Q: 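Mind having a look at this structure? Questions to follow.
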Amino acid sequence: MRQFISTIPKELDEAATIDGAGPMRILVSIILPAIRAAMIVVALFLFITLWNDLLQQTIYIDNPDKYTIAIGLSMFRSGLKADWAKIMCATCMAFVPGVLIYLVGQRYFVEGIVMTGMKN
């Protein structure tokens with residue numbers, strides 16, 4: 001995010017200051033719209049990371065009624081036997097929300113990647 005914000009020209013801030021905009025107005029009207037794509041990409045990566053993080057889920061969730069999909073997937077395997085058909089079906093269902101979130105944010109994801117390599 002810092003690197004993306006550093007690509008925003010200072011002239012925009014200066015022009016807004018000359019026009020009488022305060023720091024909050026500059027942030028809301030100029031900076032946030034300019035970094036919208038980067039914020040969506042960071043949110044997308046954060047969602048996918050947290051969705052797949054099994055360690056934190058097993059540490060914080062102790063009630064079987066509140067188990068997440070990742071914990072449920074890990075519970076399909078028992079000592080010596082695993083029902084691979086059920087595991088594969090549950091895995092497909094587990095990655096559907098991540099794919100849907102990606103498809104919704106795909107335009108911003110590609111825009112964020114393209115804008116990252118640009119100079120002033």
Side-chain angles (χ1 to χ4, degrees):
M1 284 298 291
R2 183 208 170 277
Q3 201 64 22
F4 198 85
I5 291 172
S6 68
T7 63
I8 298 172
K10 280 286 192 197
E11 291 81 18
L12 292 175
D13 295 352
E14 293 168 358
T17 303
I18 290 171
D19 288 341
M24 284 304 291
R25 178 70 179 199
I26 293 171
L27 177 69
V28 172
S29 298
I30 295 172
I31 306 296
L32 288 180
I35 64 169
R36 182 180 69 208
M39 287 190 314
I40 291 174
V41 168
V42 169
L44 179 67
F45 284 150
L46 185 62
F47 171 78
I48 291 174
T49 301
L50 292 175
W51 182 261
N52 294 326
D53 187 17
L54 181 63
L55 180 62
Q56 282 189 5
Q57 295 172 8
T58 54
I59 290 172
Y60 297 127
I61 301 173
D62 59 353
N63 186 355
D65 294 334
K66 297 180 182 177
Y67 281 169
T68 61
I69 294 175
I71 295 174
L73 282 174
S74 68
M75 296 182 79
F76 267 110
R77 293 189 64 210
S78 61
L80 299 173
K81 131 183 159 174
D83 189 0
W84 290 107
K86 290 180 182 177
I87 291 173
M88 292 301 145
C89 181
T91 302
C92 289
M93 289 175 25
F95 73 75
V96 166
V99 170
L100 290 176
I101 296 289
Y102 173 76
L103 290 176
V104 168
Q106 179 182 10
R107 177 175 57 129
Y108 299 106
F109 183 74
V110 172
E111 182 182 330
I113 290 174
V114 170
M115 294 293 289
T116 301
M118 299 182 96
K119 296 246 179 184
N120 289 343

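What's counted below: heavy atoms across the whole structure, side chains too, no hydrogens, waters or symmetry copies. Keep in mind the model is a prediction, meaning the values are calculated, not measured.
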Q: Applying ring pair (Phe, Tyr, Trp, His ring centres under 6.0 Å), can you list everything that pairs with Tyr67, at least two apart in sequence or on another chain?
A: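 Applying ring pair (Phe, Tyr, Trp, His ring centres under 6.0 Å) to Tyr67 gives none.
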Q: Run the side-chain contact (heavy atoms from CB on, under 4.5 Å) test against Met1 and tell me which residues pass, sequence neighbours left out.
A: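 Only Ile35, Ala38, Met39, Val42 meet the side-chain contact (heavy atoms from CB on, under 4.5 Å) criterion with Met1.
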Q: Other than Leu46, which residues form its hydrophobic cluster under the rule that side-chain heavy atoms must be closer than 4.5 Å?
A: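 Leu50, listed by chain and number.
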Q: What ring pair (Phe, Tyr, Trp, His ring centres under 6.0 Å) pairs are there with at least one residue in residues 7-49, not counting sequence neighbours?
A: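 Every ring pair (Phe, Tyr, Trp, His ring centres under 6.0 Å) pair that includes a residue of residues 7-49, provided the two are not neighbours, is Phe45-Phe109, Phe47-Trp51.
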Q: Apart from Val28 itself, which Ile, Leu, Val, Met, Phe, Trp or Tyr residues share its cluster (side-chain heavy atoms under 4.5 Å, direct or through members)?
A: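 Cluster partners of Val28: none, it stands alone.
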Q: Suppose the criterion is side-chain hydrogen bond (donor to acceptor under 3.5 Å, both in side chains): which pairs have a residue in residues 30-48, not counting sequence neighbours?
A: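 Every pair satisfying side-chain hydrogen bond (donor to acceptor under 3.5 Å, both in side chains) with a residue in residues 30-48: there are none.
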Q: What residues form a side-chain contact (heavy atoms from CB on, under 4.5 Å) with Ala21, not counting sequence neighbours?
A: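 Ala16, Arg25, Ile26.
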Q: Just to verify, what does Asp53 make a side-chain contact (heavy atoms from CB on, under 4.5 Å) with, not counting sequence neighbours?
A: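 With neighbours one apart ignored, the set is Leu55, Gln56.
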Q: Output the distance between atom CE (Met75) and atom OG1 (Thr58), rounded to the nearest 0.5 Å.
A: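 With rounding to 0.5 Å, CE (Met75) is 11.5 Å from OG1 (Thr58).
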Q: Which residue pairs pass the salt bridge (Lys or Arg N to Asp or Glu O under 4.0 Å) test with at least one member in residues 84-98, sequence neighbours excluded?
A: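 Non-adjacent pairs meeting salt bridge (Lys or Arg N to Asp or Glu O under 4.0 Å): Asp83-Lys86.
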Q: Extract all donor-acceptor atom pairs below 3.5 Å that involve side chains of residues 89-105 and protein atoms in other chains or at least two apart in sequence.
A:
from	atom 1	to	atom 2	distance (Å)
Thr91	OG1	Ile87	O	2.7

Q: If I compare all heavy atoms of Ile30 with all of Asp13, which pair ends up nearest, and what's the gap?
A: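 Closest approach of Ile30 to Asp13, heavy atoms only: CG2-OD1, 4.4 Å.
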Q: Quick one: pull up CD in Gln57 and CD1 in Ile71 and give me the separation to the nearest 0.5 Å.
A: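 Reported to 0.5 Å precision, the distance equals 5.0 Å.
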Q: If the condition is side-chain contact (heavy atoms from CB on, under 4.5 Å), which residues does Asn63 pass it with, not counting sequence neighbours?
A: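 Partners of Asn63 by the side-chain contact (heavy atoms from CB on, under 4.5 Å) criterion, ordered by chain and then number, come out as Asp65, Lys66.
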